[in-house]
Each structure stands twice: as C-alpha cells, then as structure tokens.
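Heads up: the structure comes next, in structure tokens.
The basis for the numbers below is simple: all heavy atoms, side chains too, and nothing from hydrogens, waters or symmetry mates.
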Amino acid sequence: MLRTNHTFLNYLDELYEKQNDSDDITLKAFSAGDKVLIQDHQLSHVMLIKEGIVKCYFVEENGKEYIVEFLGSGEVIGEVELIKNINCLCSIEALTEVIVYAVKISSFKSLIKNDLVLNNLLLESFAERIINTSSRASYQQLYTVEHTLKQLLQMQSKQNIQISKDDMAAYLGIAVRSLNRILKDLK
C-alpha cells in the first residue's frame, strides 16, 4: 500500500553529497496538500522522495480521482514522463510534509546515458511497479473491499497519517457513500 525504495534513496543521497557546488540536484520541500506534479502539465524535474508520503492519482474525464499508489521514501517520480517525453501522466500530492530530491531533466538524461547503477535501479523500480499493479488487480478481484479497507486503515495507523474519506474511496475505487456504509459495518 505504501511503496518505498531505500536502495534508490541511498543512491541519490550519495549523488547529492558528491555534487560539489552544482545545482543539478536540489532539495525541495512541500507542505501537506501541495501538488508535487500535476497531471497533463510539463515535467520540471525528475524527483525522488527523501521524506514524507504522497498520493499518486489520476483525475478521470468525469472529474473523479483514482489513487494508484501511496509513495514514500526512495520512490522516484517523473522518470516515465522523461523517458517517454510526455506530460505528467498523473498528479502527485503531498499527504504529509515532503522533501524531495529534484534532479534537473538534463542531468537525469545524462545519468540514464552514463550510469549503469541508475539504469539498474530504474529497471528494478519498473519491475516492482508491474508486480505491484498485477498483485493489486488480482487482490481486488479476490478479496472484498472491506478487507482492503482494513489494510488501508492499518497503514494509516502505522504511518501515523490521516487519510481522508475521499482519498480512501478513491484508492478503493468506490463512492464515499459506499465507504461510509462499509466503515459503519466494520464498527
């Protein structure tokens, strides 16, 4: 439910420390509720979450949100858009105070061309996302929404964060009204 990647975080920590006086990699802070990336907008930087939790979501043509993932430390964002040379596929919003490493696009392109470690980290990240997406799809078919909601509530408690009912419903792919009925039944 909450994706993290400490290996990728360690890699970028090292790059950041080694860069001398360059501004190729900077730290940016976002407050809870701030948009880190906006769907259909142009990418400004590739980012890696150093601290905090964000939600990654699509806004459909009917205006409804669908939360794809909750992302934490070490998760990279914007790399797919950079590789495919497209606008942002989804929006990323801070759920907590968030600090990211913001890597200039030209620098990230150079790293892709020249750094085998980065390429391996990206491949591992892509493979992990495919596995997680497949697992989540099958999980949603095999288990009840109630079961998934219980896990979401456990994650919320464990991470000591507050996830709104709108966000819970968007993650589960249900209406808030349905969520309220399920929450009532769980009590």
| Under 3.5 Å, side chain of T133 to main-chain N/O of R129, donor-acceptor pair present? | yes
| said: Given 3.5 Å as the limit, does a donor-acceptor pair link the side chain of E60 with the main chain of Y66, or not? | reply: no
| Are R3 and E128 close enough for a salt bridge, meaning some N to O gap below 4.0 Å? |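 Judged by the 4.0 Å cut-off on N to carboxylate O distance, R3 and E128 do not form a salt bridge.
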Within the 4.5 Å heavy-atom criterion, are [X] and [Y] side-chain neighbours or not?
X	Y	answer
L118	F8	yes
M47	L37	yes
Y11	V117	yes
L48	I77	no
E97	F30	no
Q39	V59	yes
V54	F70	no
L82	I112	yes

Crowded around [X] [atom1]? As in, over 12 foreign heavy atoms under 6.0 Å?
X	atom1	answer
N160	CG	no
D21	CG	no
Q42	CD	no
N85	CG	no

| request: Is it possible for you to say whether I38 and V80 belong to one hydrophobic cluster, with membership spreading through side-chain heavy-atom contacts below 4.5 Å? | output: no
| Honestly curious: do Y171 and V176 fall in one hydrophobic cluster under the side-chain, below-4.5 Å linking rule? |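 In one cluster with Y171: V176, no.
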| field | Check: S164/D166 side-chain N/O donor and acceptor closer than 3.5 Å | value | no
| field | Test item: side-chain donor near acceptor, D13 and Y101, under 3.5 Å | value | yes
Atom of [X], atom of [Y] and distance for their closest heavy-atom approach:
X	Y	value
T4	H6	OG1-NE2, 3.8 Å
I67	D167	CD1-O, 3.2 Å
C56	C90	SG-SG, 3.2 Å
D24	S107	CG-OG, 2.9 Å

[X] side, atom [atom1]; [Y] side, atom [atom2] - distance, nearest 0.5 Å:
X	Y	atom1	atom2	value
M155	I53	CE	CD1	6.5 Å
E81	L89	CD	CG	4.5 Å
L122	I83	CG	CD1	5.5 Å
L2	I161	CG	CD1	7.0 Å
I25	K104	CD1	NZ	11.0 Å
C88	F58	SG	CZ	11.0 Å

| query | For K50, which of L12, I99, V98 qualifies under side-chain contact (heavy atoms from CB on, under 4.5 Å)? | reply |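 So, applying the side-chain contact (heavy atoms from CB on, under 4.5 Å) to K50 and each of L12, I99, V98, only I99 qualifies.
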| field | L172 and L149: CA distance, side-chain angles, deciding distance, side-chain contact (heavy atoms from CB on, under 4.5 Å) verdict | value | CA-CA 7 Å; L172 297 168; L149 177 59; 3.9 Å; yes
| request: Under the side-chain contact (heavy atoms from CB on, under 4.5 Å) rule, what do L27 and V100 come out as? Steps first, then yes or no, please. | output: CA-CA 6 Å; L27 288 173; V100 301; over 6 Å; no
| field | Criterion side-chain contact (heavy atoms from CB on, under 4.5 Å) on K28 and H45, from CA distance to verdict | value | CA-CA 11 Å; K28 285 189 175 187; H45 291 82; 3.6 Å; yes
| said: Let's go through L183 and K165 carefully: what are the C-alpha distance in whole Å and the side-chain angles of both, what is the deciding distance for side-chain contact (heavy atoms from CB on, under 4.5 Å) to 0.1 Å, and is it a yes or a no? | reply: CA-CA 10 Å; L183 286 169; K165 285 185 178 181; 3.9 Å; yes
| message | salt bridge (Lys or Arg N to Asp or Glu O under 4.0 Å) for E65 and K55? Distances and angles first, verdict last. | response | CA-CA 11 Å; E65 282 184 14; K55 66 176 182 177; 3.3 Å; yes
